[in-house]
Number of protein chains: 2
Amino acid sequence: MTATAGTSHVRARRREQTRTEILAAAWRLAERDGIAGLSLRELAREVGMQAPSLYTYFESKAAIYDEMFAAGYRELDAMEADLEVDPADPVGTLAASGEAFIDFCGASLARFQLMFTRAVPGWEPSPGAYAVSVASYQRSVDEFARLGIDEPRHIDLLTALFAGLASQQLANDPGGDRWRRLSREAAEMYVTHVTRGRRQR
Amino acid sequence: MTATAGTSHVRARRREQTRTEILAAAWRLAERDGIAGLSLRELAREVGMQAPSLYTYFESKAAIYDEMFAAGYRELDAMEADLEVDPADPVGTLAASGEAFIDFCGASLARFQLMFTRAVPGWEPSPGAYAVSVASYQRSVDEFARLGIDEPRHIDLLTALFAGLASQQLANDPGGDRWRRLSREAAEMYVTHVTRGRRQR
DNA sequence: GTCTATAGGGTGATAGAC
DNA sequence: GTCTATCACCCTATAGAC
């Protein structure tokens, strides 16, 4: 009995390891073929299995996309947690955030497509996966608040600004910095705008 | 001989008409299934043909995407040609441009995906189709110049701002106006920034 | 847990009859 | 110009042997 319980622990670990391996292979293939081009047969081949064996580890292809989607937001969250927020220097803080966000998007086109566009016909994140993205967004909102940015329309304007820099960078100068290098100027423009007239009030 | 030449004229017209019909059906299907989900068999069914007959009108599926891509940029161009550019009112002009651009993107998700994202795995526009997009961009640049916007980095900042508003609107509030309504504020922020200190010089 | 086999579709593209 | 037939694949998912 003790032995069986012991091995089941080991098995659960192994299982998790295999799942991780499959997901890593899925990212590699998605990078190469686009997120919508991911195929289970090829994914199985990549990890040395036959396609049906994947169903031991994931319920469906949609479940794989779900895990990847949630992982993307967890990575974004971790990246943001590493950024320093200096309430005394909103421009510097936002410029650094913008660059980090563009770098994050540029580091994986497949991840960008999965997280921010609707590139997979017929798939959308499950409620569970979606909740991870909402939590990540909430975290960003909290950090913006520390910079004195708290009006909803100002937050929406900021996300649009960063999303725009990133999407232009990826679509029109992938691997370059034509839009990335505008981060500081964009941050100055934005901060000037949201703090405009604040001292008068 | 004269008769043959006459009929060949009619045939060329008919052919062009059929091509137009096929492209219209392609847009309908792409709207429904996503641009990457377009299938030639279904497209043929939609126009009452068998799939191989499409090859009489288009060399390949990529050629169909090419025509759609070029048509998208011609439509964008036509839309912009209808906008009034008032050099005395850059904020109003840009606010209207931004709204029009967001409306243009929102009017067809398939068109947006085809023109501005890389949603079709394995396809990119042919040089000819790409040239149409470059011409359209050049036209925008010329109109920005009439507003006194001529520094390349300012133009890039503006395209990022509009692209960001549109992509956030489509991804997070399709059919709504959560980001669209920020167009005027964004234009004010932007114009204040690019004209900052101009009088001093 | 992994396999083979297969269900039940789908895909773009081509050959050749009419 | 349109068709049928077909090539040579692709796909996700399931049943059931081992």
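Treat the numbers as computed from the prediction; the structure is a model and nothing was measured. Chain identifiers are assigned alphabetically (A, B, ...) following the order of the sequence lines, protein sequences preceding nucleic acid strands; residue numbering begins at 1 within each chain.
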Rounded to the Å, how far apart are A:R11 CZ and C:dG1 C1'? 10 Å

Quickly work out the A:E59 CD to D:dA13 P distance and round it to whole Å. 10 Å

Stepwise side chain to side chain contact (heavy atoms under 4.5 Å, CB included) check, B:F104 with B:E99: CA-CA 8 Å; B:F104 175 84; B:E99 279 169 18; over 6 Å; no

Taking side chain as C-beta onward, heavy atoms only, is B:Y190 less than 4.5 Å from B:T195? no

What about B:R41: does its side chain form a donor-acceptor pair under 3.5 Å with the base of C:dG10? no

Angle between the two end axes of the helix from C:dG1-D:dC18 to C:dC18-D:dG1, five base pairs per end, rounded to 10 degrees? 10°

In numerical order, the residues of residues 17-24 of chain B whose heavy atoms come under 4.0 Å of DNA chain D are none

When you measure from every atom of DNA chain D, which of residues 45-58 of chain A have a heavy atom less than 4.0 Å away? A:P52, A:Y55

Expressed as a whole number of angstroms, how long is the span from A:D33:CG to C:dT11:C1'? 16 Å

Measure across B:Q113 and B:A119 and return the closest heavy-atom pair with its distance rounded to 0.1 Å. CB-CB, 4.1 Å

Minimal non-hydrogen separation, B:A100 against B:L83, with atom names: CB-CD2, 4.0 Å

Rounded distance (Å) that lies between atom C1' of D:dT2 and atom CZ of B:R15: 13 Å

Pair B:W179-B:F162, ring pair (Phe, Tyr, Trp, His ring centres under 6.0 Å): steps then yes or no: CA-CA 10 Å; B:W179 277 270; B:F162 283 174; over 10 Å; no

Salt-bridge present (B:E16, B:R19; N to O < 4.0 Å): yes

Could you tell me whether the side chain of B:Y65 and the main chain of B:I35 form a donor-acceptor pair under 3.5 Å? yes

Is it true that B:E75 and B:R111 have a side-chain N and a carboxylate O under 4.0 angstrom from each other? yes

Quick one, which residues of residues 60-69 of chain B touch DNA chain D with a heavy atom under 4.0 Å? none

Side-chain ion pair, A:R118 and A:E124, N-O less than 4.0 Å: no

With A:E80 via salt bridge (Lys or Arg N to Asp or Glu O under 4.0 Å) - residues at least two apart: none

Using a heavy-atom cut-off of under 4.0 Å over every strand shown, decide if B:L43 touches base, sugar-phosphate, or nothing. nothing

Measure from the side-chain N and O atoms of B:D173 to the backbone N and O of B:D177, and report whether any donor-acceptor pair falls under 3.5 Å. yes

With B:E143, which residues qualify under side-chain hydrogen bond (donor to acceptor under 3.5 Å, both in side chains), at least two apart? none

Any salt bridge between B:E42 and B:R32, counting N to O under 4.0 Å? yes

